[in-house]
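The next block holds one structure in the form of structure tokens; read it before the comments.
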2 protein chains.
Amino acid sequence: MTEISVATPQLLRRVSAGAVLDFMRASEAVTVTEVMEATGLTRATAIAVCEDLMQRGWIRELENQRAFGGYQKGRPARRFELSERAGYVLGMDVGVSKATVVVSDLRGKAIGRASQPFAEAEIPAEERIAVIDRTAMMALHGVGASPDSVLAVCAGVAAPVDRNGEVLVTQHFWGLFDVDLKAALRDRRGWTVLLENDANLAALGDRWRGAAVGVDDVVVILASERLGSGVIDGGRLLHGRGGGAGELAFLDMVEGVGDTYGIAALARTWAAVALAGKAKTSLRDFAAEGVEAEQVFAAAANGDAVARAILERLADRMARVIGAVSTIINPELVVIGGAVAKSAGVLLGPIAERLKEYTVTPARVAVSPLGDSIVTVGAVRCALDYVEKNTLDLELAVPA
Amino acid sequence: MTEISVATPQLLRRVSAGAVLDFMRASEAVTVTEVMEATGLTRATAIAVCEDLMQRGWIRELENQRAFGGYQKGRPARRFELSERAGYVLGMDVGVSKATVVVSDLRGKAIGRASQPFAEAEIPAEERIAVIDRTAMMALHGVGASPDSVLAVCAGVAAPVDRNGEVLVTQHFWGLFDVDLKAALRDRRGWTVLLENDANLAALGDRWRGAAVGVDDVVVILASERLGSGVIDGGRLLHGRGGGAGELAFLDMVEGVGDTYGIAALARTWAAVALAGKAKTSLRDFAAEGVEAEQVFAAAANGDAVARAILERLADRMARVIGAVSTIINPELVVIGGAVAKSAGVLLGPIAERLKEYTVTPARVAVSPLGDSIVTVGAVRCALDYVEKNTLDLELAVPA
DNA sequence: GAGTGTTTATTTGGAATCTAAATTTAGTTC
DNA sequence: GAACTAAATTTAGATTCCAAATAAACACTC
């Protein structure tokens, strides 16, 4: 599509086509009459737009119209449908120890997935990129999709990313390498790569298909190993100056902790301490070392006193964090996400109870059902957002 | 202007007119050629649009073109200019004890002002409205403007206001009366009234004409009597679910304070405590009661030890607040605003020094030059934003 | 002061896009 | 097969844009 700088008559078609496309994304097969009703366009225009979009490859016309619908009379309507396989998007979760890639069609259906570990935590940048690229190619190959058909890629990383997708502050492992993933994948595959903070993607993901569906003001806390959060206000992600919005490290100043550990990390640590100290009681069921967070939750469920004390402590800590967030951000809902979320349900009650002590505007608290795929789900959503916003500027590999 | 639901040819003119208007708002008298260069439109279209806007009354054509510019050759260009007096906006600061109203032209120039005290803190709603209305009429009368020429009104109140301008949570004095200012002024005067939290308006104001010009990620703390803040991220105000975003009451959980006092309130209180306790030393210059915050700042400047200790304490407290904000919101700049701002400059150094202890992403800190007019300045900006966004849907009282 | 050059205003023609209304097409119902 | 229905297509008219040509107003030079 040609670029449009000022208001030219072509802008109209652009607007109309966007409206029709939006409607089709939200529907199954549709008739022209339905398009007219949804968009307010006249029949002539609606048909012209549909034909336009067909030629570009974004939608297709169905055969066998008779097979559809329960209508009886009159000339049978043509039916159009989003060509959900006209292209694909990739959602990536680039963690410390592994890379995960999800292939999604244009309706957001995940149709492929691949995951590959990094050999070690501190491998060189190009090797890291090679692993990521290989994982992406594996995932694409698994669904028989060509790299040319990838319309956008979104990658989540555990570093602050500003709203332009730049990693400014070097932090954690990422800064050590400063892998320029955007340039690398653009050069190798010609892909458009969007970078985003993993907690921010978790927020997008959970708002799309998690506990926060339909909620415009929500904070999603990735709470397993470290605490980080993605903040959505009025449906928009908060970034801050350098992408650092949503950091929760101010807990340090309350408890003097050196870093912001998440639920799983703390459960493990506190359990290990309790075992080492050989306090009066229990945690009998655990091996003396290598205690896993899930074991602590399980023991608490079985009535183990020490484990329950740990959960109490966890709940209080989370209530403090959520209380502070509730006060300053005032979300409607706070979601606890990440791998630990499936266990964290038992914390909801205690957290809600204590929350009132720490804020006068307590948010609802929930756990995300998305588990550890919360970041890739968000990455897919982010890539789809880009594609949906830029559809009419994108060219498909196979238009006709 | 007729409402447009779908993409009709009139939409084009709308877009073009908007672009021309935006350019004219940012310029003095302009020629058609300048409009062409700024908007990309052709001469014919630019002229048509200008004539359109003239007919609606938003711009005017200048006589005596010869008088302008340093150009020499060719046919003299017609010159157009924003009709900055085509209508007015009102910016209101509705405080606990008084109401202030500023009249502004369409270029944002304050041309009138009036202020009226409320007889007592707890007067009935209708009386409160009557005072506000009377203040507005006084301000308008002062500049010879008719109520019909008011295009929008924005009022700042010390209560949470959500992004739709609704006061949800009843809080402080406001909730006691629940004055429905929007409906009252609409019914009485036919005005469109936008409600907004006072700290949010302070943020808009300071970003417009204060210390935060050009900064997209900024937090403005109204810090005189109570602490409240307005958060702007990516140029957009944060509201949260019920308009409560920007509350800073989580300090409570650090120091066990019952409410969130601001700088002036604390300076006064701590000074009074020091005097009552008759500690070892000084504050000699103050009367034993009725200590004012400014006196504390003045005494500190003169080397008074107790006063300096109070400032140290204030700086530490502010550093904690700003530290927490810096971490979770990550703004580029934090501005201290309100009446106390002019004295608070001496705190900037100590605050910046301590800030590093409380966050790893410290923001720059500044004081606002807007003093206690920061809220009305923001209210004017907010009302202008509304007018500028809706210009083509508004009708002027005197078009031709 | 007549000729030349520059800049702007105005007019004309053409293209894209929308709406609205009339006409054709393809099927159902009786 | 005639009447009816709903969708598709065609045609006409309006709006708005761009592009190019023409006209006007002024300055500068000789």
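In what follows, chains carry the letters A, B, and so on, assigned in the order in which the sequence lines appear, proteins first and then strands, with residues in each chain numbered from 1. Note that these values count all heavy atoms, side chains included, but never hydrogens, waters or copies made by symmetry.
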Among all residues two or more places apart in sequence or in another chain, which pass the side-chain contact (heavy atoms from CB on, under 4.5 Å) test with B:Met24? B:Val20, B:Val30, B:Val35, B:Cys50, B:Ile59, B:Phe80
Is there a residue in residues 31-38 of chain A whose heavy atoms reach under 4.0 Å of DNA chain C, and which residues are they? none
Contacts of B:Thr31 meeting side-chain contact (heavy atoms from CB on, under 4.5 Å) (sequence neighbours excluded), chain-then-number -> B:Thr33, B:Glu34, B:Ala77, B:Arg79
Side chain of A:Pro76 only, please: which of D:dA19, D:dA8, C:dA26 is the nearest? C:dA26
What's the closest nucleotide to the A:Arg43 side chain, out of D:dA8, D:dC18, D:dC26? D:dA8
What side-chain hydrogen bond (donor to acceptor under 3.5 Å, both in side chains) pairs are there with at least one residue in residues 101-112 of chain A, not counting sequence neighbours? none
Nearest whole angstrom, please: distance from the P of C:dT7 to the CD1 of B:Ile47. 16 Å
Between CZ of A:Arg79 and C1' of D:dA8 the distance, given in whole Å, is 15 Å
Between B:Glu51 (CD) and C:dT10 (C1'), how many Å, whole number? 11 Å
When you compare the side chain of A:Leu90 with that of A:Leu140, does any pair of heavy atoms fall below 4.5 Å? yes
Scan B:Leu41 against the nucleic acid and name what it touches under 4.0 Å (heavy atoms): base, sugar-phosphate only, or nothing. sugar-phosphate
I'd like to check the salt bridge (charged side-chain N to carboxylate O under 4.0 Å, His left out) partners of B:Asp148; sequence neighbours left out, ordered by chain and number. none
So which protein nitrogen or oxygen atoms get under 3.5 Å of nucleotides 3-5 of chain D's nitrogens or oxygens?
residue	atom	partner	partner atom	Å
D:dT5	O2	A:Gly74	N	3.3

Tell me every residue that passes salt bridge (charged side-chain N to carboxylate O under 4.0 Å, His left out) with B:Glu51, counting only those two or more places apart in sequence or in another chain. B:Arg78
Considering residues at least two apart in sequence or located in another chain, which fulfil the side-chain contact (heavy atoms from CB on, under 4.5 Å) criterion with A:Thr376? A:Asp93, A:Thr100, A:Val102, A:Arg113, A:Ser373
Can you check nucleotides 13-16 of chain D for protein contacts, nitrogen or oxygen pairs under 3.5 Å, and list what you find?
none

By salt bridge (charged side-chain N to carboxylate O under 4.0 Å, His left out) - contacts of B:Glu81 (at least two apart): B:Arg60
With a 4.0 Å cutoff (strictly under), does any side-chain N or O of B:Arg78 reach OP1 or OP2 of D:dA25? no
May I ask you to check whether over 12 heavy atoms, not counting those of A:Arg207, lie within 6.0 Å of atom CZ? yes
The criterion is salt bridge (charged side-chain N to carboxylate O under 4.0 Å, His left out); which residues satisfy it with B:Arg381, sequence neighbours excluded? B:Asp385, B:Glu388
Going by the rule side-chain contact (heavy atoms from CB on, under 4.5 Å), which residues pair with A:Ala139 if we only count those two or more places apart in sequence or in a different chain? A:Val101, A:Val103, A:Ala114
